[in-house]
Each structure stands twice: as C-alpha cells, then as structure tokens.
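Here the structure is laid out as structure tokens; the discussion comes afterwards.
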Number of protein chains: 2
Amino acid sequence: MELKQLDYFLMLTQTLHFRKAAEKLYIVQPALSKQIKSLEAELGVRLFERSQRRVQLTPAGQYFKQEVAQIRQRLEEVRNLTQLVATGEAGEIRIGYVGSCIHTFLPEMITGLTSAFPHIQLYLSEMITAAMWESVLKGELDLAFLRNPPFHESIESTLIWQEPFALVVPETSSLNETNFRSMRQVAGESFILPTRADGDAYHDLQWSICEDAGFSPQVSHETVHGHTALQLVANQLGLAILPMSFREVTTARVRFLEIPRIRQRSEITAVWDRHNPNPSLSRLLKFILEKSLPTP
Amino acid sequence: MELKQLDYFLMLTQTLHFRKAAEKLYIVQPALSKQIKSLEAELGVRLFERSQRRVQLTPAGQYFKQEVAQIRQRLEEVRNLTQLVATGEAGEIRIGYVGSCIHTFLPEMITGLTSAFPHIQLYLSEMITAAMWESVLKGELDLAFLRNPPFHESIESTLIWQEPFALVVPETSSLNETNFRSMRQVAGESFILPTRADGDAYHDLQWSICEDAGFSPQVSHETVHGHTALQLVANQLGLAILPMSFREVTTARVRFLEIPRIRQRSEITAVWDRHNPNPSLSRLLKFILEKSLPTP
DNA sequence: GCTATTAATAACTATTTGTTATCAATGGAA
DNA sequence: TTCCATTGATAACAAATAGTTATTAATAGC
C-alpha cells in the first residue's frame, strides 16, 4: 500500500471513470488500472465494481474512501504544521516560574505571548528556583523565571522584573510605616529566610540586607514559599523580607514596611539554554526582550 | 512523500541509528539515508540532527513523529476494518419499519442483531409502507418491515410477524368482549381505514374484512398511523380495525374486541433487494430467517 | 596518533511504475 | 440485427525509483 495508490484511489472515487481519473492524475489509463488492481489485491478486497460500462464503489470501497480521505487530509495538515514547527511559528514552550511572578508580570506576559503566537502552546509550572535550574539544563524547561541565577557557560539570561523588598511584621507589632526607618531597629528579632536548599543566592541576598545594617540575623525558620513565610509572620514566629508585591495578594494579618535606602532589590531573571533547539524559543525571546523593560 | 518513507522515518525515530534501523527494515544503510534525505527535502524541514556520532530528532521531527505514528496506526485499522466490511462482518444496515413493529417483535430483534453482529451499525427509521418500498428499490434502505408488499422481480421477502385484528370501539360503546360475535353487528357504523396513499393493499385488506361480513364499510376518515386512528375512535369519530398489539401501548379510552373467525391477519413482512450489494445484509438475513418464526 | 564507528556519497543494479499498442466486452445507433 | 464508439484489462516495453556495493569524511575513544 502506497500513498500514491491511495491518491489514485481517491481520484477514481471522484470520477468513477478510469480514463478521466487517469487524465486528471496526469497518467495513462492502464497505469491507473494496474495500481487500483494492486491495491485491491493487497487489501484482499474489491473496492470497485466494474461492469464494463459503469464503475461504482463496493460497500467496502465506500468505507475505505471515507476513511482514507480523512487520513489523507490529516496527513496534509501535519505536513504543513511540521513546517510551522520547524520555523518556530508553531510549537510548545515549557515555562517554569517562581510563585511571585504569577501576581506581577507573568499574566500580562502570557496574554501577550498567546496573542502574538497563537500556534505556540505554553505549558506553565510553578517551581522552585533550584529545580528550574536543573530542568533548563536538562532541556525539560525551555524558559524559567527565577531569582539570582548562578553563572553557567551555556545559560543565557535577562532581567525581567524588579521591585523593592519589604520587611513583613505581624499586625500586632509596634513598627509601622512612619516609625520604621532602618533595619537596625529589628537587629534583635528572629527572621524567616529562604532555604539554602533552593540555592544559596537568594538566601545570601536577604542575609546581606541584615549584614549591611550591621547585624547577622537570627534565623527562626526557613521556607521557599512567600505565602508560608507570611503565615509564619502572622503567627508571630519571626519577621520576613519579601518582595513588595506580596502585599496585594495576601490576607494574612501582617504589615509590609518598605525597607529604606538599601541596594538590594527583588529581581526575577528569565533564563534559557543557549543551545536549546526549540525554534519557537527564539521567537518568544525576541518578543520578551523587546517588551519587558524592568519596572519598579 | 510515500508511506514507505514514513515507515522508514518511524523506524529511525525508534533506533536513532541509521545502520540499525536499516537492518530492521531489511534494507541497507545508504538506502535509508537517501529516503530520509528525500523526505526531509520534500517537507523542507530537517527531521533529524545528525552529529556524526549521534542522531536525534529536531523539534519538528518530534512533532512529525508523534502525528505520523497516529496516522499510520489509523491507516492500519482502516485496512483491517475494510476487510471486515467486505465480508459483511462490519458495516451499516439501514432499516425501515412501520410503527407497530416497535411494540411487537422489533426491540427483541434489534437486541439479538446487535449482540450477534457487534460491528454492524443499525440505522432505524419509522416510515410508511409506500416510502419504504421506494427506498428499498433505490437502495436507500437495506431492509424494511412493512405490510402487504406487492410483487416485484428484484425484491425478496419473508413473513416476520402476524397477529389477529381487533375491532376498536369507544369505551362508551355498548359492544364488549362478550356481546361482540361478528362484524355484521357493525355493518352500519362508519370506519377509519388506512389511506390508499400508503398502498392499496393494506386498505383493501381491511375493506375485505367488511366485505366478507357482507357489507361495504362507510369510511369516515383515513390515516396511516394506528395511534391517530385510536384517538379518532376515542373521540367517537368512527370504528377502526387494528392489530391486537396496539392494545398494550395505548391509553386511549377505547376497547379492543378480537374479530372472531376471519381469514385476515395483520402481517409484517421483511423485504429487501435481491441485488443489494451490502455484504452485511446477507449475514443479517441469515440470522433473521433462522430466528423469526411467525408468532400469533 | 591510531582505530573503530557512523552517516553521506557515487556508481551501478534491481524493482517498480508508467507508456504504447491492443483486446474483449457492451451499450447505443443505423 | 450489425456496426461502431467507448470502456477497462492485458502485454510488452521504456522510464523512473529504490536498493546495493564500494568508498569517503568525520569523530569519539583508546
């Protein structure tokens, strides 16, 4: 069975006339007769009833026609889509991100991407930074939005988003927007910091905020998740340092106090593998690099 | 693009090794190289990344593999199903029937047929006798259950069901099971008869019941549908002669009185075109002829 | 630096497909 | 009826396609 035979068959089902079908196929009638014959022989099924003066489909031929026409059309679609995939116009992109992205820049970016690239399917997963780093290197993720990536020869990156840090204190605390002037005021408190298991960098960044203020923080708990930290703070189990944007998406009984005059900011970086062969990725990156200028 | 090339492609996606794939395909490595190359050239898309030491799929190749594997499998299924259709083991049968069948033999028959021929799809339509007769001749119906078919050279038939006729009178009538002895008692009444538009035969059959009793009926209404006749009787617009089985399926305020000592019975005949090429039909008929002995 | 392994290429052969010429069957016209 | 035009099948041959063998260039591992 060959595709050519199926195409010949389909043409013959249209005309029900060997000579005319052959003409439309730019071959000669005996060639068509031979191919149809060999198709029937291979299937072991008579597809046409030829009564010297009239050609018509057998019931099996009718069924075969109907199904083969569908298959043939599908194959043509796949052919075209494959070409789109090769140019990157169609395809799949797997994206990982840390939790805070989903209440800052990410929704808008996804909206923009899906309307700019309607044939590219985005797969989104919230993950911790360390896991994303591994996944990008293994090729399991095409793109990751994470914090403070280390250097790696084959990884490229660009800063996507930044915002100030806030000190998060329980609602019951005596500190508030007006009387909080410096981290020195909380030198004696215990802190909830990001765990080192999710990479040293983010942990060290927060540590350095305290160090810059002249003290080493006492650590009561460690957690990767901002929302966990918020609940711990609300329950007076320590203070936390979080990106300011968390204020808008929590109902925890806490207060966000912007930390004044510090060099550290919460930053989200997009990272990807320089050697990633996914052709959709470069299109996406071009779009992202154009659009996303770091904002407050 | 040829099926052979797609099969070669799929094999290569399995092994990702030209020599091994060629071996499994019982061809030699350069032949495989050439076919893959020509497939890629025709698509205009590189499907494999060959780095002298390692062969791997490009993203477009991955997409193509996934889709082609499905298409190939579907084609194989269709191939096998086509063979079943040719032997009649799979297929479609279009059946027409008059209304009374659906509360007598038909449900049981359908149950039996679908369990005996799970791959044959039955399409059922309630129709009037005249329309079915036309449809069977045109090949639009494979099988029809109807009343009193005329003779036709290319139509075969068999008696499927018979039952006695009942005289249907309004509930308010003075006639009942004990005092109704003969059609002569209702010689002066007006009758609801089947319309001639649905064939003379059934009309004439009922007429003959009256004639045998020595009178020509006065016709108040004509209708093809038993349920219509029942409503007319309930509203005292005439008497009707109907197959006894209607008694079990109506809530109309009427009485069914079996007509004693008459030669006429209500008969349902299965008819089909002797030249119908549908291979499923002969299987079905064999089953039907074995099972269905006319019952009272 | 050598060897073994891998895919590509070229030249040739075998197989498949298409073409031309012809036939047998059949429906319609004379 | 007889004849003719039309149709699909068949046979012999030509063209195109696919497969084989021999060889090469590249590279990973010893």
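Just so it is clear, the values below take in all heavy atoms, side chains as well, and ignore hydrogens, waters and symmetry mates. A note on names: the letters A, B, ... follow the listed sequences, proteins ahead of strands, and every chain is numbered from 1. The structure presented is a predicted model; accordingly, all values stated were derived computationally and were not measured.
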Report the distance from atom [atom1] of [X] to atom [atom2] of [N], rounded to the nearest whole Å.
X: B:Lys4; N: C:dT16; atom1: NZ; atom2: P; answer: 7 Å
X: A:Tyr26; N: C:dT19; atom1: OH; atom2: C1'; answer: 18 Å
X: B:Lys20; N: C:dT5; atom1: NZ; atom2: P; answer: 11 Å
X: A:Glu2; N: C:dG18; atom1: CD; atom2: C1'; answer: 16 Å
X: A:Ile27; N: C:dT17; atom1: CD1; atom2: C1'; answer: 9 Å
X: A:Lys37; N: C:dT17; atom1: NZ; atom2: P; answer: 14 Å

task = Could you tell me whether the side chain of A:Asp198 and the main chain of A:Thr129 form a donor-acceptor pair under 3.5 Å?
result = yes
request  = Would you check if the side chain of A:Thr58 reaches a backbone N or O of A:Arg46 as a donor-acceptor pair within less than 3.5 Å?
outcome  = yes
NA contact type, [X], heavy-atom cut-off 4.0 Å: base, sugar-phosphate, or nothing?
X: A:Tyr8; value: sugar-phosphate
X: A:Gln29; value: base
X: A:Arg19; value: sugar-phosphate

message = Between A:Gln35 and B:Phe18, which residue's closest nucleotide on DNA chain C lies nearer the 5′ terminus?
response = B:Phe18
Salt-bridge contact [X]-[Y] (side-chain N to carboxylate O under 4.0 Å):
X: A:Lys138; Y: A:Glu134; value: no
X: A:Glu49; Y: A:Arg54; value: no
X: B:Arg74; Y: B:Glu77; value: yes
X: B:Arg50; Y: B:Glu40; value: yes

ask   = Of all nucleotides in DNA chain D with an atom under 4.0 Å from a non-hydrogen atom of chain B, which is the first and which the last going 5' to 3'?
value = D:dA18 to D:dA28
ask   = So among A:Ile36, A:Leu39, A:Leu12, which one has a side chain to side chain contact (heavy atoms under 4.5 Å, CB included) with A:Leu47?
value = A:Leu39
Every protein N/O lying under 3.5 Å from an N/O of nucleotides 11-15 of chain C:
none

task = Could you please spell out the steps behind the salt bridge (Lys or Arg N to Asp or Glu O under 4.0 Å) verdict for B:Glu23 and B:Lys20?
result = CA-CA 5 Å; B:Glu23 218 163 77; B:Lys20 288 179 191 163; over 6 Å; no
request  = Cation-pi check, A:Arg94 to A:Tyr123: give yes when NZ or CZ is under 6.0 Å from the six-membered ring centre and within 45° of the ring axis, no otherwise.
outcome  = no
